[in-house]
There are 2 protein chains.
Amino acid sequence: MAELRNPDLLPGTLYMMILRTLNQGPLHGYAIAKRIEDWSKGDLQIEDGSLYPALNRMLQKGWVNAEWGMTENKRRARFYRLTPAGRKRLEAESTAFNKMIRAIQLVMRTS
Amino acid sequence: MAELRNPDLLPGTLYMMILRTLNQGPLHGYAIAKRIEDWSKGDLQIEDGSLYPALNRMLQKGWVNAEWGMTENKRRARFYRLTPAGRKRLEAESTAFNKMIRAIQLVMRTS
DNA sequence: AACTATATATAGTCCAGAAAGGTATTTTGC
DNA sequence: GCAAAATACCTTTCTGGACTATATATAGTT
């Protein structure tokens, strides 16, 4: 029997969820991951080997910007903030996602 | 402004949808694609450069088997049929998918 | 002193999906 | 009769995203 790939995430949804968490206000990377895990009641695990590269790509795309600061616990951390382009992108991605899900559910439910 | 990637599919859902269409009975590749496009009211487009490689991977994984035959239109075509393993896989994938979607929606909807 | 949690980063790997090219036959339109 | 569209398949190549593994560092706890 072939091995089951077991992705933690549905590929293509990480940007959207990161953008979503940042829509509340700036966060550092670790907190983004925690928040997604938290909000999903632990069902979604964000590997840091997925998170940080994604954040860097998002910086390059101009969806977020970043500055170093301190957490409540007095640790240095990099805080990411949505740009206007990022906010637009969040809109676009969630609209597209919802449409996609509805289409998939049509396929899966059609008898 | 960075280019928008515009995927036809949500990555990771193609196997599941193919398996779903075959759950009704054997189909050839072209018909699988047509059926998915049809059921999704045209929202999902299956590129044949995605479809045929996917079908071959599914053959290797033992989820489907295939034999050559004739369509209603008297064209030669390769008909794919779900194996028991494929049926199990369909179950597993759709359960996991539904769970994943619920988790993502929690993240996207949480205020 | 050791361990856990917090915090970031990168190098390397793997795989699915898309793009782009090709073959061949049947039906439809002019 | 001929061109075009639709039907049907296949393969090679590219790319990007997610995962693994590894590394660094500090704060707080035991």
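Numbered from 1 within each chain, the chains take letters A, B, ... in sequence-line order. Bear in mind the structure is a predicted one, so any value in this text is a computation, not a measurement.
Following rounding to the nearest Å, A:His28 (NE2) and D:dT26 (P) show an atom-to-atom distance of 17 Å. Distance CH2 (B:Trp68) to P (D:dA8): 12 Å, rounded to an integer number of Å. In this entry the distance linking CG of B:Leu55 with P of D:dT11 reads 12 Å, nearest Å. Distance, A:Gln45 CD to D:dT20 C1': 16 Å, rounded to whole Å. Separating the CD1 atom of A:Ile104 from the P atom of C:dG17 is a distance of 11 Å, rounded to the nearest angstrom. Distance, B:Met58 CE to D:dC10 P: 14 Å, rounded to whole Å. Distance CE (B:Met70) to P (D:dC9): 12 Å, rounded to an integer number of Å. The distance from atom CG of A:Leu10 to atom C1' of D:dG16 is 16 Å, rounded to the nearest whole Å.
Residue A:Lys61 places its side chain closer to D:dG17 than to any other of D:dG17, C:dA18, D:dT7. Comparing D:dA18, D:dC9, C:dG17 by their nearest atom to the side chain of B:Tyr52 picks out D:dC9. For B:Glu47, taking side-chain heavy atoms from C-beta onward, the closest of the listed nucleotides D:dC10, C:dA19, C:dG17 is C:dA19. Considering only the side chain of B:Tyr80, D:dC10 comes nearest among D:dA8, D:dC10, D:dA18.
Using modelled atom types, no side-chain atom of A:Arg81 and backbone atom of A:Pro26 make a donor-acceptor pair closer than 3.5 Å. A donor-acceptor pair under 3.5 Å is formed between the side chain of A:Asn98 and the backbone N or O of A:Ser94. In this structure, A:Arg78 contributes its side chain and A:Trp68 its backbone to no donor-acceptor pair below 3.5 Å. At least one donor-acceptor pair closer than 3.5 Å links the side chain of A:Thr83 to the backbone N or O of A:Trp63.
For B:Asn56 and D:dT11, the shortest distance from a side-chain N or O to OP1 or OP2 is below 4.0 Å. Listed pair B:Lys74 / C:dT27 fails the phosphate criterion, with no side-chain N or O lying under 4.0 Å from OP1 or OP2. B:Arg57 has a side-chain polar atom (N or O) that falls below the 4.0 Å cut-off from OP1 or OP2 of C:dA16. The phosphate of C:dT27 (OP1 or OP2) has no side-chain N or O of B:Asn73 nearer than 4.0 angstrom. Of the side-chain N and O atoms in B:Thr71, one or more sit less than 4.0 angstrom from OP1 or OP2 of D:dA8. Listed pair A:Tyr15 / D:dG17 meets the phosphate criterion, a side-chain N or O lying under 4.0 Å from OP1 or OP2.
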Strictly under 3.5 Å: I want the nitrogen or oxygen pairs between protein and nucleotides 22-25 of chain D, one per line.
none

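Among the heavy atoms of the strands, none lies under 4.0 Å from A:Leu51. As judged by a 4.0 angstrom heavy-atom cut-off over every strand, A:Gly49 is placed among the base-contacting residues.
Judged as a ring-ring contact (aromatic ring centres under 6.0 Å, His included), and not counting sequence neighbours, B:Tyr52 has no contacts.
A:Leu9 approaches A:Gln45 most closely through the heavy-atom pair CD2-O, 4.1 Å. Counting all heavy atoms, side chain and backbone alike, B:Leu14 lies closest to B:Ser50 at CD2-O, 3.9 Å.
In the model, A:Tyr15 has no side-chain atom that pairs as donor or acceptor with a side-chain atom of A:Arg89 under 3.5 Å.
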